[in-house]
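Protein chains get the first letters and strands the later ones, always in sequence-line order, with residue 1 at the start of each. Just so it is clear, the model here is predicted, and its values are computed rather than measured.
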Amino acid sequence: MPELPEVETVRRALAVNLTGSRVLAVRGREVSMRRPLEPGRLNEALQGKRFAEPERRGKFLLLPVDRGGCLLLHLGMSGRLRLTGPDRPVETHTHLVIELEDGRELRFVDPRRFGLAVWLGAGGEEADPSLARLGVEPLDPVFGERLPALVRARRAPVKALLLDQTLVAGIGNIYAAESLWEAGIRPSRPGRAISESRVRLLAGSIRSVLERAIAAGGTTLRDFAGPNGDAGYFAVRLQVYGHAGRPCPRCGQPLREDAIAGRSTVWCANCQR
DNA sequence: CCAGTATCCTGCAGGC
DNA sequence: TGCCTGCAGGATACTG
């Protein structure tokens with residue numbers, strides 16, 4: 001359940017509930033993920049360390065510890081974190097368990113294994129190839145100024161550009177569809193065929209959509225440590241994603257669904273041009 | 001360099 | 001009821 005707003009929601013929950021906790025031990029199985037999971041190495045790096053304030057870059061979650069280095073996490077398509085007491089049943093596809101000194105556990109669950117959990121030593125962001133290549137943060141103040149040049153330099157469909165993490169970090173299939181609908185831009189429109197002023201409008205829509213989603217996710221922060229720890233995803237009211245065939249909330253025409261950039265895309269042929 | 005497709009993996013919904 | 005197919009919130013290694 002992880003695009004930028006979901007990862008940010010998890011980050012905020014961990015900031016409240018994990019910061020200051022000390023690691024007793026890390027255990028798990030050596031399993032193939034986006035990069036091989038190495039629980040032994042993670043245990044060596046994390047044992048006895050105390051978690052500091054978590055950070056986010058795009059859809060990546062960084063959990064720094066005292067005395068340097070951090071645990072780098074990506075939730076992929078199906079990843080989730082559970083912060084829970086040790087007596088709670090362990091869900092299937094739990095690949096990593098971080099035992100904390102206070103008796104709780106941070107668990108990394110990811111059925112499809114498109115996610116990532118690696119140790120990031122000294123060197124920070126530059127030390128990791130995928131982190132180093134990330135583009136601009138949509139919530140960064142410079143986003144609105146930068147997006148027009150990025151989009152207008154390319155002829156690929158604007159939706160493909162929004163999904164390219166090296167251009168913009170954190171947008172996924174849901175919020176790309178929602179933002180383009182809000183801005184009234186056809187997802188298939190080539191980047192270079194959109195006026196500068198319309199790209200600026202799009203930047204504003206992206207920010208607004210993401211901020212509203214984060215605000216909605218934030219309402220479930222309390223539940224994070226509980227058994228029902230799903231962070232916020234279904235609290236967001238989506239306008240178009242998942243609503244193909246239903247009336248457009250703006251004009252009432254049926255929403256269409258087409259494959260753009262290899263991903264299913266819901267949009268309104270009347271409102272988006 | 002750029003754009004588009006195939007691929008990794010499991011779970012689940014829908015068709016028959 | 002069960003079996004099969006296709007699709008799912010992502011990233012990247014390929015191809016042309």
Side-chain angles (χ1 to χ4, degrees), chain A residues 1-11 28-37 56-61 72-81 91-96 108-118 128-135 138 149-181 187-193 206 209-210 212-214 216-217 220 229-245 257-267:
Chain A
M1 42 156 171
E3 293 184 35
L4 186 153
E6 291 72 39
V7 178
E8 177 60 20
T9 297
V10 172
R11 189 198 69 76
R29 288 182 313 122
E30 291 198 9
V31 64
S32 72
M33 303 195 71
R34 204 165 101 208
R35 292 182 219 165
L37 186 67
R56 180 190 58 75
R57 266 295 273 140
K59 301 171 194 173
F60 287 87
L61 198 54
L72 177 65
L73 295 171
H74 193 293
L75 301 177
M77 290 273 239
S78 57
R80 44 190 198 273
L81 294 176
E91 295 167 72
T92 47
H93 308 295
T94 297
H95 302 122
L96 203 64
F108 180 35
V109 187
D110 184 7
R112 293 179 71 182
R113 289 192 270 131
F114 289 172
L116 173 76
V118 295
D128 185 89
S130 5
L131 220 45
R133 295 176 64 230
L134 287 179
L150 295 171
V151 165
R152 286 162 52 74
R154 307 271 295 266
R155 68 186 70 210
V158 58
K159 179 170 182 242
L161 300 177
L162 294 184
L163 293 176
D164 184 341
Q165 301 299 299
T166 69
L167 300 180
V168 182
I171 301 177
N173 206 31
I174 292 181
Y175 296 109
E178 296 291 311
S179 304
L180 288 164
W181 176 82
S188 60
R189 179 172 285 272
R192 63 161 52 173
I206 290 169
V209 163
L210 295 178
R212 276 180 279 148
I214 291 171
T220 67
D230 279 324
Y233 211 71
F234 299 100
V236 193
R237 221 180 68 238
L238 300 172
Q239 303 289 339
V240 291
Y241 182 90
H243 296 161
E257 181 167 19
D258 294 290
I260 296 171
R263 315 286 301 276
S264 93
T265 306
V266 184
W267 60 290

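Around the CZ atom of A:Arg212, the shell of radius 6.0 Å holds more than 12 heavy atoms that belong to other residues, nucleotides or ligands.
The distance between atom CZ of A:Arg35 and atom P of C:dA11, rounded to the nearest whole Å, is 12 Å. Spacing between atom CE of A:Met77 and atom P of C:dG10 amounts to 6 Å, rounded to whole angstrom units. Rounded to whole angstrom, the span from the CG atom of A:Leu75 across to the P atom of B:dC9 amounts to 19 Å. The interatomic distance linking A:Arg133 (CZ) with C:dG10 (C1') rounds to 14 Å, in whole Å. Rounded to a whole Å, the CG atom of A:Leu167 is 13 Å from the P atom of C:dA11. Here the P atom of nucleotide C:dA11 and the CE atom of A:Met33 are 14 Å apart, to the nearest Å. As rounded to whole Å, 10 Å separates atom C1' of C:dA8 from atom CD1 of A:Ile174. The nearest whole Å value for the distance from the CD atom in A:Glu6 to the P atom in C:dA8 is 17 Å.
Along DNA chain C, the nucleotide nearest A:Glu257 and the nucleotide nearest A:His74 are compared for position; the residue whose nucleotide lies closer to the 5' end is A:Glu257.
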Taking only N/O atoms, report every protein-nucleotides 14-16 of chain C pair under 3.5 Å with atom names and distance.
none

Detail all sub-3.5 Å separations between protein N/O atoms and N/O atoms belonging to nucleotides 10-12 of chain B.
from	atom 1	to	atom 2	distance (Å)
B:dT10	OP1	A:Arg113	NH2	3.2
B:dT10	O4'	A:Pro111	O	3.4
B:dT10	O3'	A:His93	NE2	2.9
B:dG11	OP1	A:His93	NE2	2.6

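The salt bridge (Lys or Arg N to Asp or Glu O under 4.0 Å) search around A:Glu30 returns none, not counting sequence neighbours. A search for ring pair (Phe, Tyr, Trp, His ring centres under 6.0 Å) contacts involving A:Phe60 returns A:His74, not counting sequence neighbours. Not counting sequence neighbours, the partners of A:Arg35 by the salt bridge (Lys or Arg N to Asp or Glu O under 4.0 Å) test are A:Asp128. With sequence neighbours left out, the side chain to side chain contact (heavy atoms under 4.5 Å, CB included) criterion links A:Ala193 to A:Arg189, A:Pro190. Listed by chain and number, the residues in a side chain to side chain contact (heavy atoms under 4.5 Å, CB included) with A:Gln239 are A:Glu178, A:Trp181, A:Arg237, A:Pro249 (sequence neighbours excluded). Residues satisfying the salt bridge (Lys or Arg N to Asp or Glu O under 4.0 Å) criterion with A:Arg192, sequence neighbours excluded, are absent altogether. A search for salt bridge (Lys or Arg N to Asp or Glu O under 4.0 Å) contacts involving A:Arg11 returns A:Glu8, not counting sequence neighbours.
Nearest nucleotide to the A:Gln165 side chain, out of C:dG10, C:dA11, B:dC2: C:dA11.
A 4.5 Å side-chain heavy-atom check between A:Arg80 and A:Val109 finds at least one atom pair inside the cut-off. Looking at A:Ser78 and A:His93, their side chains never come closer than 4.5 Å, going by heavy atoms from C-beta outward.
In terms of heavy atoms, A:Pro2 sits closest to A:Val7 at CB-CG2, 4.2 Å. In plain terms, the two heavy atoms of A:Leu81 and A:Leu75 that are nearest each other are CG-CD2, 4.3 Å.
DNA chain C lies under 4.0 Å from at least one heavy atom of each of the following residues of residues 258-266 of chain A: A:Arg263, A:Ser264.
Across B:dC12 and C:dA11, the matching C1' atoms stand 23 Å from one another, rounded to whole Å.
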Notebook entry, point to check: Based on Watson-Crick and G-U pairs with both distances under 3.5 Å, what dot-bracket line describes DNA chain B 5' to 3', crossing pairs as [ ] and inter-strand pairs as |?
Noted result: .|||||||.|||||||
N/O donor to acceptor pairs below 3.5 angstrom from side-chain atoms of residues 158-169 of chain A, sequence neighbours left out:
from	atom 1	to	atom 2	distance (Å)
A:Lys159	NZ	A:Asn173	OD1	2.5
A:Lys159	NZ	A:Thr265	OG1	2.7
A:Asp164	OD1	A:Thr166	N	2.9
A:Asp164	OD1	A:Thr166	OG1	2.7
A:Gln165	OE1	A:Gly170	N	2.8
A:Gln165	NE2	A:Leu163	O	3.1
A:Gln165	NE2	A:Ile171	O	3.0

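Contact between the side-chain N/O atoms of A:Ser78 and the OP1/OP2 oxygens of B:dC9 is not found at any separation under 4.0 Å.
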Note to self: Quick one, A:Asp110 with A:Leu96, criterion side chain to side chain contact (heavy atoms under 4.5 Å, CB included). Give me CA distance, side-chain angles, the key distance, then yes/no.
What the structure shows: CA-CA 10 Å; A:Asp110 184 7; A:Leu96 203 64; over 6 Å; no
